[in-house]
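Structure record follows, encoded as structure tokens.
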Amino acid sequence: MSQKILVVDDDGPVRRILTKYLGGHGYGVVTTDSGSEALILARESMPALVIADVKMAGLDGYALCRLLKKNTPGLPVILMSGAAIDEKHVLTGFEGGADDYILKPFSLPVVLARVQAVLRRGGGITEASESLKLGGIELDLSGRQAKASGKKVSLTRKEFDLLAALLAKPGHLLSVPYLLETVWGYDVADYNDPGTVEVHVSHLRKKLGPKAAQMIVSVTGHGYKLQPPGA
């Protein structure tokens, strides 16, 4: 049976994107736009983890986290924030028992890595850094650092997120609509320009160097994939 995740956010598109992405990676997803309803769902649906937005009308994410930790001990909670945050806000979340903190706009592969890390450790904060590695390319997802052939590579936020998406599914063809939705958070019904992805792939190839660049394969009219060495 798949693990269940409760997503609490009053932003409909965010709930839909997380439901589709996490569902596509084998998780059952339950959603609500209300912190108060989330307390009920946490008891009834018995999720393995809760992802909650900080800023919501009524019961906000901080208060929800504190109540969940009190009423359902051991249930991991990841908080999300779409506003500029400082150390004080992050500490407020952790002091309330949050297991991790994600800043919007987020990268879906990074969200998945955070979810998997929190579920593996069963709650509690650790210093472990999640990473993705393949053929000389290495991404530190927590520190958002990239290396190619052992050398640091300076990537923009979207270049990093695009590479993370490709590394998360080596050998799998990722369509342009999938990448626009996953990396950029676009609703492909409103925006589906392949040029956006093409430009970022071009920049990635230049920055990663010839050896790593050869691993990023374009399939005309379909999308891109990261081809493992020797495959």
Side-chain angles (χ1 to χ4, degrees), residues 1-126 130 161 178 180-190:
M1 182 180 295
S2 63
Q3 290 178 297
K4 193 176 297 179
I5 297 175
L6 172 57
V7 175
V8 191
D9 198 317
D10 55 10
D11 187 329
V14 169
R15 293 197 308 275
R16 288 192 293 273
I17 287 172
L18 286 174
T19 297
K20 183 176 180 180
Y21 188 77
L22 294 172
H25 285 81
Y27 294 99
V29 184
V30 179
T31 72
T32 178
D33 61 359
S34 163
S36 298
E37 186 178 20
L39 291 173
I40 299 172
L41 288 172
R43 292 194 302 269
E44 294 180 348
S45 64
M46 299 179 65
L49 178 144
V50 176
I51 302 176
D53 188 45
V54 165
K55 190 175 181 181
M56 295 185 291
L59 192 68
D60 66 19
Y62 293 128
L64 172 61
C65 180
R66 289 193 297 270
L67 288 170
L68 287 173
K69 291 296 183 178
K70 178 181 178 181
N71 299 331
T72 52
L75 176 61
V77 178
I78 296 177
L79 291 179
M80 299 184 293
S81 176
I85 59 173
D86 55 25
E87 185 179 87
K88 183 173 112 176
H89 292 99
V90 175
L91 288 174
T92 297
F94 285 145
E95 287 168 358
D99 297 277
D100 208 340
Y101 211 117
I102 297 172
L103 181 62
K104 296 178 181 178
F106 47 71
S107 157
L108 288 171
V110 171
V111 170
L112 179 62
R114 297 281 184 88
V115 165
Q116 292 171 336
V118 170
L119 288 174
R120 275 199 301 270
R121 66 187 185 238
I125 303 163
T126 72
E130 296 300 310
D161 293 346
Y178 172 86
L180 286 171
E181 183 178 75
T182 301
V183 177
W184 281 266
Y186 291 143
D187 183 339
V188 293
D190 299 324

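Not measured: the values here are computed from a predicted model. In this chain, numbering begins with 1 at the start of the sequence shown.
V54 and D60 make their closest contact through O-CB, 3.1 Å (heavy atoms, listed as atom of the first residue, atom of the second, distance). Residues V118 and P76 come closest through the heavy atom pair CG1-CB, 3.4 Å. Here the closest heavy-atom approach between residue L59 and residue S36 is recorded as CD2-N, 3.9 Å. Across all non-hydrogen atoms, the minimal contact from L75 to V50 is CD2-CG2, 3.7 Å. Nearest heavy atoms, C65 versus L79: CB-CD2, 4.2 Å. The two atoms that bring P109 and S107 nearest to each other are CD-OG, 3.1 Å, heavy atoms only.
Between Q116 and L49 the shortest side-chain heavy-atom distance does not fall below 4.5 Å. Residues L112 and L22 have side chains in contact (heavy-atom distance under 4.5 Å, counting atoms from C-beta outward). Between L108 and D161, every side-chain heavy-atom pair lies at or beyond the 4.5 Å cut-off. Proximity of D11 to M80: side-chain heavy atoms (C-beta onward) are nowhere separated by under 4.5 Å.
Interatomic distance, NZ of K55 versus CG of D9, reported as 12.5 Å (0.5 Å rounding). The structure places OH of Y21 at 10.5 Å from OH of Y27, a figure rounded to the nearest 0.5 Å. Separation of atoms CD1 (I51) and CZ (F106) is listed at 8.0 Å; rounding is to 0.5 Å. Summarising the geometry, atom CD1 belonging to I5 is positioned 6.0 Å from atom CG belonging to L119; distances are rounded to the nearest 0.5 Å. Separating the CG atom in L41 from the OG atom in S34 is a distance of 8.5 Å, to the nearest 0.5 Å. Atom-to-atom distance recorded for L6:CG and M46:CE is 13.0 Å, nearest 0.5 angstrom.
Only one option out of V8, T32, V29, D33 pairs with R15 in a side-chain contact (heavy atoms from CB on, under 4.5 Å); it is D33.
Judged by distance alone, the side chain of R114 and the main-chain N or O of Y101 form a donor-acceptor pair under 3.5 Å.
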task: Go through the steps to decide whether V14 and K104 satisfy the test side-chain contact (heavy atoms from CB on, under 4.5 Å), and finish with yes or no.
output: CA-CA 10 Å; V14 169; K104 296 178 181 178; 4.3 Å; yes
